[in-house]
Amino acid sequence: MASRYNHREVEPKWRARWADAKIDRALSPDEAKGKPKAYVLEMFPYPSGRIHVGHSRNYTMGDVIARFRRANGYNVLHPMGWDAFGLPAENAAMERGIHPKGWTYDNIAAMKSQLKLLGLAIDWDREIATCDPSYYKHQQAIFLAFWKQGLVYRKKQKVNWDPVDMTVLANEQVVDGKGWRSGAPVETRELEQWMFKVTAYAEDLLQAIGGLDKWPDKVRLMQSNWIGKSQGAKIWWPIAEAPAFLPSSPAGEPNHARDPIEVYTTRPDTLFGASFLALAPDHPLTKAIAEHNPEVAKFIAEAASLGTSEADIEKAPKFGVDLGVRVKHPFDENWVLPVWAANFVLSTYGTGAIFGSPAGDQRDLDFANKYRLPFKPVVLPPGADPATHTITTEAYTDDGTTYNSQFLDGLPTREALSRAIDELVKRKRGEATTQWRLRDWGVSRQRYWGCPIPAIHCEKCGVVPVLEKDLPVTLPEDVKFDRPGNPLAHHPTWKHTTCPTCGGKAERETDTLDTFVDSSWYFARFTDPKNESQPFDKALANYWLPVDQYVGGIEHAVLHLLYSRFFTRGLRDCGLLDLPSGEPFASLFTQGMVVHETYKSAAGQWLLPEETDVKDGARVELKTGAPVQVGDIEKMSKSKKNVVDLDAFVTDFGADVARWFVLSDSPPERDVEWTASGVKGAWGFVQRVWTLVESYGQNAPKPDAVAPAMEPDAHALRQLAHRTVAAVTDDIEGFRFNVAVARSYELVNAIAKLKSTDAGSMFARGEALRILAQLIAPFMPHLAEESWEKLGFNPFVATAPWPKADPALAARTTVTLPIQVNGKKRGEIEAAKGAAEADVREQALAHPSVAQFLAGQTVRKVIVVPDRIVNIVVG
RNA sequence: GCGAGCGUGGCGAAACCUGGUAGACGCAACGGACUUAAAAUCCGUUUCCCGUAAGGGAGUGCGGGUUCAAUUCCCGCCGCUCGCACCA
């Protein structure tokens, strides 16, 4: 009687043996001796507490790739670390009086032991935590290097202020006008901010997306949109009339009072269709006029009172006010247009001012119609009659032929665009320009638990960098969280220092860096994690980078991935890295989440899955027996309690079952629902494999063993095994883990089906089991290792070379050809692979059930697709 | 509003890249074996309709098109999901 597979003994045993043998250690370039390198990385976790089975999917996918690459002869770097700075640590400190550092390191310890349970092939010697001075010291050095390089600057600007978290947010961290973490409506404040000059690389960041051919199209598109390049023209409109109260223009101040008004447009070809100018509510001129004109002041207040959320914008009516200013048309001194302020003009894009060309823009058209501003169409759609074409409520925004436009008449839109710009330049009324949606990255955060910005404020010398020899600027440990705001600023002594330039009294910068900075270069630190003197050795980073396979969630499609791309460029330009492409991640995979049903008690409390049970087809609360409200299937999250704890699960079912399950059933990029029945399936598979292995025993044939003569059944199993090798190899390469899983089931089913015990069958079965153990090794490493040993091989399957399919066995010698009559299948024949078309044709026509359908009909055509199909056309 | 993706049995899905037997594999369900019984395990059935069967018909969101042949390619709808969003 076969004993059950005991994962509780087997799994820890192999993890200990792998650790002892250090099989997961990445080799140095010298040790690797010509082996190709493979850097496999999953986005590192924030140490929030405990991990649940939902987290395991991301790491398991990376682990499959890492193990697969290793078996295929690569020198693999597969590290793990902790994105350890961040607000939750401070919140815990405030709520529970724990120090953020203690909270963070406790969580790291807990999560590390949990992650280890999964049996991931990780080189733990390279572990890093971003909150450790040994890490952020180098981040401060990089900051100084960027500063020197002109990639860091300070700017007083309006910032997004999160009133709950009491800190500044980057544009990217504002979602629907709310803080991405707190969910509180974001306020606007003017603050002196540390900025990273991301826009210095705008063009490169955009162009290089074209070379990221192993990134999902979706992510590439999202980044392109985010960078948002738009080409057009700036146009200056001289003031013709203005209210008397406006002061005359001080020299050199654009957009003010009586200077020409600068607008941005992508459609200078429609200038002759201009009807009005519209300024943003907070445009300097609008504000200046509001001081004297109550109607305009009222308009500004009304515009500000409208929300900025999607729904608000959708509903918000377009409205405006005539500012009483008139401007001259750039192409015609005598043509005077009114200047309005309008709520749909954004001060944050372009110049905060537009010219309205109603026939070619829906918003402008709605606005013109509402306020009865005259306009005329200037773009003729293809095929339209210039004599009758009119625009009433529907703007025509596509290309066409320009008309009603003097010297632009008759030009196609594209040509009219460049002609119009040429003319603007000639008349000194405008110039070609490129607008970016991308903004520089404000990195100042008024928080404690982050990387201190290595700068010093001196009354005499201004803002000066900390000397490199004085790094790291470490966080003080004795901080209090008893009042809102930045504990660093409140600290009694920490910020007091001396100026490195003049030696006088000075104060430290109390802002810390946005935690996205920490994660923008960690992948480089992994290449040389112990380096004390520099962020990383250039040669080592050059050897390992770019990351060959990056795995993580789609939620980082813009922020983290864009910032990292900025960083590798900055590091390159500071001479710290030679990365030919400039790109940190050669290949990116965005995996789907693990989702689970949510449960609520009758009292409306969220319930953990294990607090419920199914009785008589209905879900009830275990404790009370009361019915449970089953809610939506959502991403596993602690707040909704729809999580399955990893420790408990590994104890009950084993890490291999968790790993296998999260990769089965659903394509990796799609979400997978965690269900009890799915677990059961994975569990059953583990037992089934083990039963087959154990009953086979020690003497599986070695890879080079010569096969004895065998019965057709046994031979068929051999063929299937070798075909499965080829198929699973392809599937793993192509991230089709769910299909690889299905093929493993097929192989197991076939092994179980072959019952004979003659020498040929034993050979075929043993070989198939050996292959099976190897193919499932990246997925279920513990079971595979135990099976490998049981079958009589030396440890470790983890380091054994990946099996090779014998082409002679994997290739099919005969094929089943379906025979269609007029596209409907009417029979099938067996034919040798590559059989002559004439023979196949003859066989097909002679097939009895096919012949039935041919009777009394004329065969018009016989299509023979070699080795695929035969179609007989009759009629 | 703009952009992208998806739509296949009771369910998760495969086949789509490269047009060629639609539904691999798993789950669930049903029938059977073993068992005092249950669990576990094993064997079988399972897209729908007609038929005892042999067999026939329909079928990949809907409507068209290309083709000997369309889940696959093209056009137009419908629905869902995601991203961006008054970006001039």
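We use all heavy atoms of the structure for the numbers below, so side chains are in, but hydrogens, waters and symmetry mates are not. Below, chains carry the letters A, B, ... as their sequence lines are ordered, and counting in each starts from 1.
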For this session: Please determine, for G7(B), whether a Watson-Crick or G-U wobble partner exists with both distances under 3.5 Å, and give it or none.
Result: C78(B)

Problem set entry | Interatomic distance at C1', C73(B) relative to U67(B), whole Å | 10 Å

Exercise. Of all the nucleotides listed (C25(B), A13(B), A88(B)), which has the minimum atom distance to the side chain of I354(A)?
Worked result: A88(B)

Seminar exercise, completed: Tightest non-hydrogen contact, residues I732(A) and P778(A), listed as CD1-CG, 4.5 Å

Using the 3.5 Å cut-off, write out each protein N or O paired with an N or O of nucleotides 41-51 of chain B and the distance between them.
residue	atom	partner	partner atom	Å
C42(B)	OP1	R688(A)	NE	3.2

Problem set entry | Residues forming a side-chain contact (heavy atoms from CB on, under 4.5 Å) with E830(A), sequence neighbours excluded | T814(A), T816(A)

For this session: Output all residues satisfying salt bridge (charged side-chain N to carboxylate O under 4.0 Å, His left out) with R565(A), sequence neighbours left out; order by chain, then residue number.
Result: E583(A)

Problem set entry | Rounded distance in Å between the P positions of C27(B) and C84(B) | 39 Å

For this session: Scan R860(A) against the nucleic acid and name what it touches under 4.0 Å (heavy atoms): base, sugar-phosphate only, or nothing.
Result: nothing

For this session: Would you please name every residue forming a salt bridge (charged side-chain N to carboxylate O under 4.0 Å, His left out) with E828(A), sequence neighbours left out?
Result: K825(A)

Exercise. Which residue, G681(A) or P667(A), contacts RNA chain B at a nucleotide closer to its 5' end, judged by nearest heavy atom?
Worked result: P667(A)

Problem set entry | Partners passing side-chain contact (heavy atoms from CB on, under 4.5 Å) against E555(A) (at least two apart in sequence or in another chain) | M593(A)

For this session: Could you measure between the two C1' atoms, the one in G26(B) and the one in C78(B), and give it in whole Å?
Result: 32 Å

Exercise. Is R826(A) close enough and on-axis enough to F853(A), meaning under 6.0 Å and within 45°, for cation-pi?
Worked result: yes

Exercise. Is Y264(A) touching bases, backbone alone, or none of the nucleic acid, heavy atoms closer than 4.0 Å?
Worked result: base

Problem set entry | Inter-nucleotide P distance (C30(B), G23(B)), Å rounded | 25 Å

Exercise. Below 4.0 angstrom from OP1 or OP2 of G26(B), is there any side-chain N or O of N749(A)?
Worked result: yes

For this session: For S677(A), report the nucleic acid contact type (base, sugar-phosphate, nothing); a contact means any heavy atom under 4.0 Å.
Result: sugar-phosphate

Exercise. Listed by chain and number, what are the ring-ring contact (aromatic ring centres under 6.0 Å, His included) partners of F272(A), not counting sequence neighbours?
Worked result: H329(A), F331(A), F407(A)

Exercise. Could you give the CZ-to-P distance, from F737(A) to A14(B), as a whole number of Å?
Worked result: 14 Å

Exercise. Atom CZ of F685(A) and atom P of G26(B): how far apart are they, to the nearest Å?
Worked result: 10 Å

Where do N or O atoms of nucleotides 66-68 of chain B meet protein N or O atoms at under 3.5 Å, pair by pair?
residue	atom	partner	partner atom	Å
C68(B)	O2'	N871(A)	ND2	3.2
C68(B)	O2	N871(A)	ND2	2.7

Exercise. Contact class for R868(A) vs. all strands (heavy atom < 4.0 Å): base, sugar-phosphate, or nothing?
Worked result: sugar-phosphate

Problem set entry | All salt bridge (charged side-chain N to carboxylate O under 4.0 Å, His left out) counterparts of E673(A), not counting sequence neighbours | none

Seminar exercise, completed: From CG of D731(A) across to P of C25(B) the rounded distance in Å is 15 Å

Exercise. With sequence neighbours excluded, what pairs up with R220(A) under the salt bridge (charged side-chain N to carboxylate O under 4.0 Å, His left out) test?
Worked result: D217(A)

For this session: Both distances under 3.5 Å, Watson-Crick or G-U wobble: report the partner of C30(B), or none.
Result: G44(B)

Exercise. Does G56(B) fall in syn (glycosidic angle within 90° of 0) or anti?
Worked result: anti

Problem set entry | Closest to the E746(A) side chain, choosing from U21(B), C25(B), A13(B) | C25(B)

For this session: Identify the nucleotide, in any strand shown, that forms a Watson-Crick or G-U wobble pair with G12(B), with both distances under 3.5 Å; if there is none, say none.
Result: C25(B)

Exercise. How many Å lie between CG on L346(A) and C1' on A85(B), as a whole number?
Worked result: 10 Å

Every protein N/O within reach of nucleotides 56-63 of chain B N/O, cut-off under 3.5 Å:
residue	atom	partner	partner atom	Å
G57(B)	OP1	R826(A)	NH2	3.4
G57(B)	OP2	R826(A)	NH1	3.1
A58(B)	OP2	K824(A)	NZ	3.2

Exercise. If each of N225(A) and V739(A) is mapped to the nucleotide of RNA chain B with the nearest heavy atom, which maps nearer the 5' terminus, i.e. the 5' end?
Worked result: N225(A)

For this session: Taking only the side-chain heavy atoms of R736(A) (C-beta and beyond), determine which of C25(B), A15(B), G20(B) contains the nearest atom.
Result: A15(B)

Exercise. Looking at F685(A), W683(A), F779(A), Y5(A), which one forms a side chain to side chain contact (heavy atoms under 4.5 Å, CB included) with D656(A)?
Worked result: Y5(A)

For this session: Pick base, sugar-phosphate or nothing for T816(A), based on heavy-atom distances below 4.0 Å to the nucleic acid.
Result: base

For this session: May I have the distance from R437(A) (atom CZ) to G3(B) (atom C1'), rounded to whole angstrom?
Result: 13 Å

Exercise. Within the structure, does a side-chain N or O atom of S666(A) lie under 4.0 Å from either OP1 or OP2 of A13(B)?
Worked result: yes

Exercise. Counting only side-chain N and O atoms of N738(A), is one of them less than 4.0 Å from OP1 or OP2 of A14(B)?
Worked result: yes

Problem set entry | d(CZ, R363(A); P, G1(B)) in whole Å | 15 Å

Problem set entry | Residue-phosphate contact under 4.0 Å: R670(A) side-chain N/O, A13(B) OP1/OP2 | yes

Exercise. When the distance from CZ of R439(A) to P of C84(B) is rounded to whole Å, what number comes out?
Worked result: 15 Å

Exercise. Going through the distances and angles, do S357(A) and D364(A) end up as a side chain to side chain donor-acceptor pair (under 3.5 Å)?
Worked result: CA-CA 6 Å; S357(A) 188; D364(A) 296 350; 5.9 Å; no

Exercise. In whole angstroms, how far is the P atom of C86(B) from the CG atom of L279(A)?
Worked result: 18 Å

Exercise. Using the ring of each side chain (for Trp, its six-membered ring), is Y563(A) parallel, tilted or perpendicular to W441(A), with breaks at 30° and 60°?
Worked result: parallel

Exercise. Would F661(A) and W674(A) count as a ring-ring contact (aromatic ring centres under 6.0 Å, His included) if you check the C-alpha gap in whole Å, the side-chain angles of each, and the deciding distance to 0.1 Å?
Worked result: CA-CA 8 Å; F661(A) 175 59; W674(A) 185 276; 4.7 Å; yes

Problem set entry | Touch class at under 4.0 angstrom, heavy-atom based, for V263(A) against every strand present | nothing

For this session: Give E828(A) one of three labels, base, sugar-phosphate or nothing, depending on what nucleic acid heavy atoms sit under 4.0 Å from its own.
Result: base

Seminar exercise, completed: pair_partner(C2(B)), Watson-Crick or wobble, both distances < 3.5 Å, evaluates to G83(B)

For this session: Name the closest nucleotide to the M222(A) side chain, picking from A88(B), G83(B), U21(B).
Result: G83(B)

Exercise. According to the salt bridge (charged side-chain N to carboxylate O under 4.0 Å, His left out) rule, which pairs have a member within residues 734-749 of chain A, sequence neighbours left out?
Worked result: D731(A)-R736(A), D731(A)-R743(A)

For this session: Only counting residues at least two apart or in another chain, list the ones meeting side-chain contact (heavy atoms from CB on, under 4.5 Å) with A359(A).
Result: F375(A), P377(A), I391(A)

